[in-house]
Each structure stands twice: as C-alpha cells, then as structure tokens.
A.B. asks: 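The structure that follows is given in the form of structure tokens.
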Amino acid sequence: MIITRTMVSGHLIRPTANVIRSSLPSVTTTSMSFFSTNLNENNMSDIHEHHPQPPQQWATFHGKIPVLQTDTNIASDIATESATTSHHRPMPNATTNQNFYGERPRVSLLMELKDRVGILHEVLKYFWKYDLNVSRIESRPVQRHKNPWRHEKDDQAVFDFYLDFDGTLNDPAAKKLLRDLAPLTEKLLVLDEKDVHWFPRHVSELDLIAHRTLDAGVDLESDHPGFNDSEYRDRRGELARNAIQHRWDQPIPKIDYTKEEIQTWSAVWDRMEPLWKEYACKEYLHSLQLFKEHCGYSRNNIPQQQDISAFLKERTNFEMRPVAGLLSSRDFLNGLAFRVFFSTQYIRHHSQPLYTPEPDICHELLGHAPMFADRDFADFSQEIGLASLGASDEDVQKLAHCYWFSVEFGLCREGGKNKAYGAGLLSSFGELEYACSPEHPGAENPPEIKDWDPEVAASQEFPITTYQPTYFLASSLGDAKLRMREYCERLQRPFFALHNAQTNSVFIDRPVRRTKGAP
C-alpha cells in the first residue's frame, strides 16, 4: 500500500482516524505479446544526471554496419548480480543454449526502411533463408521535416523497424543475415543492451527484495499505541524474524495467535461486517463467503496466510508472502508481476483495535486478500506489477498513485450505487461509510468522485493522515482492468514483460542489463 514520501508500502495503506500501452503498416508482433512496448526515442543509451554512464563506443560490422559496443566495465548479468541465490533459479539448458530463464540469446536490430510494396517481405525472407527465429517486430513512422527543395515524389514515407532474433553476432547465420540486409535498409543498427533498474526475473528473486523494508515491523514510532508495550514489541520482533527467514519455495509457517490478538481481530470484524454488507462490491462479498468456507475466516479465528495462499493459488494463481514491514513502491509492485502479494503478519495494538498507524493483518486479510480471489481484480493488480518492472522512478511513482486510487481506495458502480473494492476502504469503518454513503459522514466536506482514469490518477496527489478528498469510480472491475492495461501500454517502457505462470518467470522481449539498484 502506498505510504508517504512517494513510496508504496508492503501494500498501500495509510493511517486514518479509524483504520486504515500505409502500405507498410505499423506492426507490433511479439512472441507471447498482447500489447505494444512504446520504445523511447533513444534506445541506444541511458544517461542520467546523477549517475552518468560512460559514452558508448561505435564500431562497424564487416566494415559497413554500425554496431554499439558493450561497455565491459558496467555491471554484468544475473550470474553476478545475485550469485548467492543462483541455486534457487531454473538451471540453464546446455542443449538449447538457453539462459536461466529458458531464453536463447537475442540480437536487437534497428532498421530504417522506405515505405514500398513488398519491402517487409524482402527483409523477412532472409531470416527464413538463414533459419533465424524472429521473436519481436515493432515499427513506427520516422518523423522528418519537410524539405521545400525536394520534389514531392521523393518524400517517401520511412519506417523504423525494431526487430529481435534468436542468436548472437558470432553466429555464421547472423553474419550472413546482416550482410544481406544492409543493401535493403537506409540504416541498420545493432542495438546495445539497455541498462535498466534491477527487477526480478524469477519468483525466487523476490527473496532478494523481501527483506528491504523501509520501516514498521519492529521499529515503532513514539506515538504508536504499542510503543511502550515491551511484550507487544517482542511479538512484533518475532513475527518480523519469521517473515525475513521465509523463502519463496517454502510454505508459510503457522502462527499461533494469542487470545488478546484474536479479541482485537474480533473487534474489527464486528465493526466492519455490517458495513461490508451495505458498501462492499459484490466481488468482495462473494470472495469473503468463499474464504469463510475454505480459509477459516470468522470473527473468532485469525486465518492462516498459508491457507489463504493455497486457496488463491488454486483460484486465481495469486499467493501471499509474509513481509516484515513496508516495502518501497518498486519492490512491492514488482512482486505483483508474479502474482505475489507481500503481506504483514502482525496485528494492531489491542488498546486501540479500531486504529492502526500501519498496515496489519486486519488490513491485509480483511481488505486485500478476498479481492485477489476475483480474476479481474487479480489481473488488474498484475498489470500494474508488470508495468513496474525496470520502469523509471517517475513511472513507478505514477503506477503507485494508480494503485493507491484503485487497489487501496477504488470505487465501482453497482446497482446505481457506489461500492468499494479498495482495501483501504474495506478495512476502515469510518472511511468506508464516508466514501460510499450518500451522506458522506465523518468529514466537513463530501469527497470529489471522478471517473476512473489512470492518466488522471497517476498525477493526483493524496493525503495520508485524513480521509481521501478524491476517489475514482470505475463502472466495473473489468472496466478498471481494461483502462489500466491501456494506460500501461502508453507508458514509455524499456521492454515488454509477460509472466510465464508455468515457470514463474518473466519473459522480456529484448536484452537488457539489470544494473541499477541491484540488491
């Protein structure tokens, strides 16, 4: 949930007073792809003000084709990024020359082609001739200024084609291919790998970020209700250590909750249950009933995260993972790309059962978990996660804002009424009624309710210590998902990512180097 200081927590939540993307058409065809990647204009370098990269060097291939040379001083690939956890990853396939993620080496090309009938066929026939597999083609028109001295018939449209194929520049077939393509193109470049923010490629690599908590967990602020309770602090420390020791391929250990903790859970349940019936969306109510039947949900029992995770895995392929405290926006959203939800395990202090200054199991299990049993909501959450992989800091912040106004505080229209699907509402008795009731009790002014538009939500500011002055309303969860997918398609993403549920790894459509912020 999003927290203050432009970061998302281990899930987005905040304290309140109650709880808390011609004849030669544009083509985008990616193996396993379902939306465009929207490349940046300059995909051959990555220069930052604060961390400038050394200039990239140019050479020529066979004395003709410009090639960007890799800087060998830049951080290397995944084998050195996180060698300590390499035993968790899928092993490389020596027979097929695949890497740890089941992918063959790829070469990325940029070709500039004049628009004429049959030009794409002329290019692609050489890939067939040399038996080279094309894994991605993406095109866009080249924007050129009009030349007043050029005859109109010479102003032929030109397209840039970004193309990836399996192999390396050392392959004899690749060398022959580049030799034969050169006469057909206005420009032919072999693109260097792009440096991007580190991101997990396999679910096992979530182990590398799960411990990077920002606060909460054991460290309590002086105004926390449990600050002076040594027994409560010891309990938080115990649960934090259990979460830190958890690994991706292990079941979540059972927690024996105390009588006092169960009483706190019951107080929240009793206050929220009548409000859910009135203001929660139908998807939530349906899932909550399933959780009562299959996961041990009741007012007198705190369900085990392993039971919830196993049920979600079977139903929507989502799963829970314990975390000691709040994570950064990037780390938390990266987990959603694998359909993994980072969840805390501690509960609020018993002295104030209807208030918590940070997300706890009441927020996680009563607000978030049931919604992940709905396919549209689960897919919606993963859309945001996939878009966050390797994204710029600016885009991660935009995605975090979208998460805040949907997964945390989203509304949908149902039967002519506004219903809640956001966990920050479904776990806060005061704000749930304020957001959904026509009277909007609990604040001096009624909230502004806008139509769900991720473009607007991405730049919408929000408070973290009061009720939200603005909510976003979707016509349905399916509509919310489609609009979010369309927004993610428009982002200037460094690559296209697709989660492979069978291997629990992420397919990316071009070679990159994960060098920034590696754990």
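All residue numbers in this chain count up from 1 along the given sequence.
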A.B. asks: Under the criterion salt bridge (Lys or Arg N to Asp or Glu O under 4.0 Å), I'd like the reasoning laid out for Arg236 against Glu358: C-alpha separation, chi angles, the key distance, then a yes or no.
C.D. replies: CA-CA 13 Å; Arg236 291 279 292 256; Glu358 77 269 295; 3.5 Å; yes
A.B. asks: Looking at Lys313, Gln306, Arg339, which hits side-chain hydrogen bond (donor to acceptor under 3.5 Å, both in side chains) with Glu319?
C.D. replies: Lys313
A.B. asks: Determine whether Phe291 and Pro303 make a side-chain contact, defined as any pair of heavy atoms from C-beta on separated by less than 4.5 Å.
C.D. replies: no
A.B. asks: In terms of ring plane angle, is the pair Tyr471 and Phe409 parallel, tilted or perpendicular, where the classes change at 30° and 60°?
C.D. replies: tilted
A.B. asks: Let me confirm one number: the NE2-CD1 distance from His368 to Ile361, rounded to the nearest 0.5 Å.
C.D. replies: 14.0 Å
A.B. asks: Under 4.0 Å between a side-chain nitrogen and a carboxylate oxygen: does that hold for Asp379 and Lys481?
C.D. replies: yes
A.B. asks: Would you say that Val512 contacts Ile508 through its side chain, given a criterion of any heavy-atom pair below 4.5 Å between the two side chains?
C.D. replies: yes
A.B. asks: Contact between Cys412 and Ser476 at the side-chain level, heavy atoms closer than 4.5 Å - yes or no?
C.D. replies: no
A.B. asks: With a 4.5 Å heavy-atom cut-off, do Arg315 and Arg375 have their side chains touching?
C.D. replies: no
A.B. asks: Ignoring hydrogens and angles, tell me if any N or O in the side chain of Arg483 forms a donor-acceptor pair with the backbone of Asp453 under 3.5 Å.
C.D. replies: no
A.B. asks: Side-chain donor-acceptor pair under 3.5 Å between Gln305 and Ser343, yes or no?
C.D. replies: yes
A.B. asks: If you round to the nearest 0.5 Å, how far is CG of Leu290 from CG of Leu285?
C.D. replies: 11.0 Å
A.B. asks: Is a side-chain N or O of Glu431 found less than 3.5 angstrom from the main chain of Ser428, in a donor-acceptor match?
C.D. replies: no
A.B. asks: Could you walk me through whether Asp164 and Ser108 pass the side-chain hydrogen bond (donor to acceptor under 3.5 Å, both in side chains) check?
C.D. replies: CA-CA 4 Å; Asp164 293 343; Ser108 296; 2.7 Å; yes
A.B. asks: Check whether His246 reaches the backbone of Pro322 with its side chain - one donor and one acceptor, N or O, closer than 3.5 Å.
C.D. replies: no
A.B. asks: Is a side-chain donor or acceptor of Asp171 paired with a backbone partner of Ala174 at a separation under 3.5 angstrom?
C.D. replies: no
A.B. asks: Look only at the side chain of Asn301 and the backbone of Gly296, and say whether a donor-acceptor pair between them is shorter than 3.5 Å.
C.D. replies: yes
A.B. asks: Is the count of non-hydrogen atoms from other residues, nucleotides or ligands lying under 6.0 Å from Glu231 atom CD greater than 12?
C.D. replies: no
A.B. asks: Less than 4.5 Å apart, side chain to side chain, heavy atoms only: is that true for Lys516 and Val196?
C.D. replies: no
A.B. asks: Would you check if the side chain of Ser287 reaches a backbone N or O of Met371 as a donor-acceptor pair within less than 3.5 Å?
C.D. replies: no
A.B. asks: Between Asp393 and Arg330, is there a salt bridge with N-O shorter than 4.0 Å?
C.D. replies: yes
A.B. asks: Show, in sequence, the C-alpha distance, side-chain angles and deciding distance for Thr344 and Asp360, and conclude whether the side-chain hydrogen bond (donor to acceptor under 3.5 Å, both in side chains) test is met.
C.D. replies: CA-CA 6 Å; Thr344 55; Asp360 69 335; over 6 Å; no
A.B. asks: Dump the intermediate steps for salt bridge (Lys or Arg N to Asp or Glu O under 4.0 Å) on Lys259 and Glu261, then the final yes or no.
C.D. replies: CA-CA 5 Å; Lys259 180 179 179 181; Glu261 290 170 331; over 6 Å; no
A.B. asks: Apply side-chain hydrogen bond (donor to acceptor under 3.5 Å, both in side chains) to Gln468 and Trp404, showing your working.
C.D. replies: CA-CA 11 Å; Gln468 298 301 298; Trp404 178 271; 3.0 Å; yes
A.B. asks: Please name the residue in the list Phe318, Phe338, Phe507 that meets the ring pair (Phe, Tyr, Trp, His ring centres under 6.0 Å) test with His499.
C.D. replies: Phe338
A.B. asks: Indicate whether the side chain of His349 and that of Asp229 have a donor and an acceptor atom separated by less than 3.5 Å.
C.D. replies: yes
A.B. asks: Look at Glu364 together with Arg321 and state whether they make a salt bridge at an N to O cut-off of under 4.0 Å.
C.D. replies: no
A.B. asks: Sub-3.5 Å donor-acceptor pair from the side chain of Trp198 to the main-chain atoms of Pro519, do we have one?
C.D. replies: no
A.B. asks: Between Ser204 and Asp249, is any pair of side-chain heavy atoms under 4.5 Å apart?
C.D. replies: no
A.B. asks: Tell me if a side-chain donor or acceptor on Glu314 pairs with a main-chain N or O of Phe311 at a distance below 3.5 Å.
C.D. replies: no
A.B. asks: Judged by atom type as modelled, is there a donor-acceptor pair below 3.5 Å linking the side chain of Arg348 to the main-chain atoms of Pro353?
C.D. replies: yes
A.B. asks: Examine Arg235 relative to Tyr346 and say whether NZ or CZ is less than 6.0 Å from the centre of the six-membered ring and inside a 45° cone about the ring axis.
C.D. replies: no
A.B. asks: Is a side-chain donor or acceptor of Gln460 paired with a backbone partner of His401 at a separation under 3.5 angstrom?
C.D. replies: no
A.B. asks: Thinking salt bridges, do Glu238 and Arg233 make one under a 4.0 Å N-O criterion?
C.D. replies: no
A.B. asks: Taking the side chain as everything from C-beta on, heavy atoms only, tell me whether His363 gets closer than 4.5 Å to Leu426.
C.D. replies: no
A.B. asks: Do you know which of Tyr421, Phe462, Phe405 makes ring pair (Phe, Tyr, Trp, His ring centres under 6.0 Å) with Phe472?
C.D. replies: Phe405
A.B. asks: Side-chain contact, heavy-atom cut-off 4.5 Å: Phe165 with Leu109?
C.D. replies: yes
A.B. asks: Less than 4.0 Å between a side-chain N and a carboxylate O, is that true for Glu394 and Lys398?
C.D. replies: yes
